[in-house]
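Have a look at the structure below before the remarks.
So you know, we letter chains A, B, ... as the sequences are listed, proteins then strands, and number each from 1.
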2 protein chains.
Amino acid sequence: MANQKQDEGATAKLTINDIARLAGVSKKTVSRVINRSPLLNRETRDKVEAIIRETGYVPNPQARALALGRNFLIGLIYDNPNAQMVLSMQRGILEALHGTEFELVIRPVDRGSNHVMDDIRGFVTRQRLFGVVVLPPMSENDALMRMLDEQGCRYVRMGSAMLDDPEHMVASNDREAVADAVRHLIAQGHRRIGLIAGPHGFRSARERREGFEMALAEAGISLPRSLVADGQYTFESGLSASESLFDLSPRPTAIFASNDEMAAGVLYAARLRGIAVPDELSIIGFDDTPVTTRVWPPLSTVRWPIVAMGRAAALKLIGTAIGEDAEVNEPSMFSSTLIRRGSVAPPAQT
Amino acid sequence: MANQKQDEGATAKLTINDIARLAGVSKKTVSRVINRSPLLNRETRDKVEAIIRETGYVPNPQARALALGRNFLIGLIYDNPNAQMVLSMQRGILEALHGTEFELVIRPVDRGSNHVMDDIRGFVTRQRLFGVVVLPPMSENDALMRMLDEQGCRYVRMGSAMLDDPEHMVASNDREAVADAVRHLIAQGHRRIGLIAGPHGFRSARERREGFEMALAEAGISLPRSLVADGQYTFESGLSASESLFDLSPRPTAIFASNDEMAAGVLYAARLRGIAVPDELSIIGFDDTPVTTRVWPPLSTVRWPIVAMGRAAALKLIGTAIGEDAEVNEPSMFSSTLIRRGSVAPPAQT
DNA sequence: CGGGTATAGGAAACCGGTGTCATGATCAAG
DNA sequence: CTTGATCATGACACCGGTTTCCTATACCCG
């Protein structure tokens, strides 16, 4: 019913036929110019290119996608655990896509909902996406990957140290990074070190916990269950989780929080209790989000190269587009570094 | 040269012809079912729908877009001044798009670069976007809007109190909101109130500044030039801008920072100088980003409904798609509220 | 100088949908 | 029973590109 062509108004869109007519060649020839076919007369190409340039012709991507059987859309699937991470990832991916004809379509989902799967299936099939990048914790869902395979949708998953399938994976070595951070605490003289763990079922939470335990074990320090508190990667959970650690006697002299949001919660809780940081309590977080430098004292943390990893993920995805043989040489494993700020000091008393 | 159909593998995609054959009807009839044409026999529709459901057929969006002459992609253009804002906006837009066939394509740009314009033109023309949402400060670029008009690309701009063109605009009333915040400070007894302004050329910066001046004028308080410091909406600029205010004698007893990042900078600077907040200095920010509750004391601030505004913007955009007459009733102006936290107290001495 | 081989370029089919218009069936009114 | 209107459906062109296949020309060589 709705009246279609009513808001025409704009510059009438040029078609390949117009260009062909203007250049005095067939549309096929124009198509060859657009697609850089090598078997073309030099003059013909120059002439057509000149016309394209001066008319500002842009081939219709829908028609191209239809004829070519593939489009130029990359999807980003995430269940936002961390605003900063998502945004950095978007940036990394877009950096890689810049200058190509690919665009980024974003898709936050709710992993708790019981139709996530259908939701994502609809997303990739409806738009016939070229491929998707999946962020943690969705990237740990193997059923999702099987579904994507079934749908013939390429994917790259981001995650923590999952190297089963390096071609479809970009990972950071959280375990080693956390171990380094904890070794740093130990070197400062800390022995009673608390852990605020991430949510169960998160690969990163497990990796970070293992790194924590590894460093303690190396130093021969035992880890009583009471020094481990469960968190949800949120500020509030960090705040409440630290309560139980503060109630301990003797109190831990240092706490490693599995991400910065929770570390900020620990800092806040310490302030509420009048515990001085770093003099009475050292804190290390993970992620290096901006909040670490906004609070006082600025938080020491572990930085992982999110943007670079996003870029690598996107390149892996579109690398296969250029040509199957164009070997993709993006690394699959990235390493993190400890950033020392003001939240770590030697313990007050030995 | 590249070999196309080699990684077929996936479930062979069904076409409308397959469905037509299976249902024993013509493709046109199937098309009618898909597009909910009202002039269809009940039985025929049920039969075709059953087949579509059991085969899991999804119409090819590229073909649809080609035939229909429009696609189902909304673009989001921004020059990220504020991660939280961008992310909330994405969320709001996606909420509105949820359940429709539209998808969101994001496009950060660099407004400093001298080919932003070409960049954006390429973006909207190449993908033939249905429409775009433009975030500040890009939304204040009138040349951009003219260009979008030329390209026949619908748009909605987000911004501060620009109501020249309500149909293409979603705005917040920053001036009044800031005036309220400053009135609050005045009511607490403050008379020497400093302002950290936003960058020149930002509409929001001007609106907020005007609100600040308005509230002071109402109360008959004069505003010496020295009480106004320039900032760039960044934490660091807030930090350094507050230095000059702190050097004043007498020092201001309160500071309004034009956004939360700068307010966090003020708080940080105060800590460095040993100025107690809120006892010796009150602070109010703007945006209500998470950082306000991570720092100590938590910052009082002005909250504006970003998600709701994003939703409204998207609805305005796609509202015109459903039918030209379907009047879009989304409001164009949203109002903000003062959130009182712990960074405001009466001045130490009168 | 003639026949074989590249090479540029064109005609037509095709990708998977939608619009237009024609057609046959059904039904109410005359 | 005929006629005109209404309804449900199908045939076919078309959206704007790409691909396949074929032809005409230029070039190579003996």
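Annotation: Phe102(A) is in aromatic contact with Phe130(A) [ring centroid separation under 6.0 Å].
For Leu68(B), whose side chain is taken as the heavy atoms from C-beta onward, the closest listed nucleotide among dG17(C), dT18(D), dG19(C) is dG19(C). With dT18(C), dT19(D), dA8(D) as the candidates, the nucleotide lying closest to the side chain of Ile16(B) is dT18(C). Picking from dA8(D), dT18(D), dA11(D) the nucleotide with the shortest atom distance to the side chain of Asn35(A) gives dT18(D). Comparing dT18(D), dC21(C), dG17(C) by their closest approach to the side chain of Arg64(B) singles out dG17(C). Distance from the side chain of Ala63(A) is smallest to dG16(D) among dG16(D), dA8(D), dG10(C). When distances run from any side-chain atom of Thr29(B) to the nucleotides dG17(C), dG17(D), dT9(D), the shortest one goes to dT9(D).
With rounding to whole Å, Arg70(B) atom CZ is found 11 Å from dT18(C) atom P. One atom, CZ of Arg126(A), and another, P of dG17(C), lie 14 Å apart when rounded to the nearest Å. Atom CZ of Arg42(B) is separated from atom C1' of dT9(D) by 18 Å (rounded to the nearest Å). For Asn17(A) and dA12(C), the CG to P distance is 14 Å, given to the nearest whole Å. Protein atom CD of Gln62(A) is 16 Å distant from nucleotide atom C1' of dC14(D), rounded to whole Å.
The closest donor-acceptor contact from the side chain of Thr29(A) to the backbone of Val25(A) lies at 3.5 Å or more, if one exists at all. One N or O on the side chain of Ser88(B) and one on the backbone of Gln84(B) form a donor-acceptor pair closer than 3.5 Å.
The residue among Val25(B) and Leu66(B) whose nearest nucleotide of DNA chain D is located toward the 5' end is Val25(B).
Checked by distance alone, Arg32(B) brings a side-chain donor or acceptor within 3.5 Å of a matching partner on the base of dG10(D). One donor-acceptor pair, N or O on each side, does fall under 3.5 Å between the base of dG17(C) and the side chain of Lys27(B).
Salt-bridge formation is detected for the pair Asp18(A)/Arg21(A): a Lys NZ or Arg NE/NH1/NH2 atom is positioned less than 4.0 Å from an Asp or Glu carboxylate oxygen. The pair Asp119(B)-Arg107(B) meets the salt-bridge criterion, since a charged nitrogen lies less than 4.0 angstrom from a carboxylate oxygen.
Summary of helix geometry: the two end axes of the helix from dC1(C)-dG30(D) to dG30(C)-dC1(D), each defined by five base pairs via their C1' atoms, are inclined to each other by 40° (rounded to 10°).
With no hydrogens or angles considered, a side-chain donor-acceptor pair links Lys316(A) and Ser332(A) at under 3.5 Å.
By the 6.0 Å contact criterion, CD on Glu43(B) is open, its count of non-hydrogen atoms from other residues, nucleotides or ligands being 12 or less.
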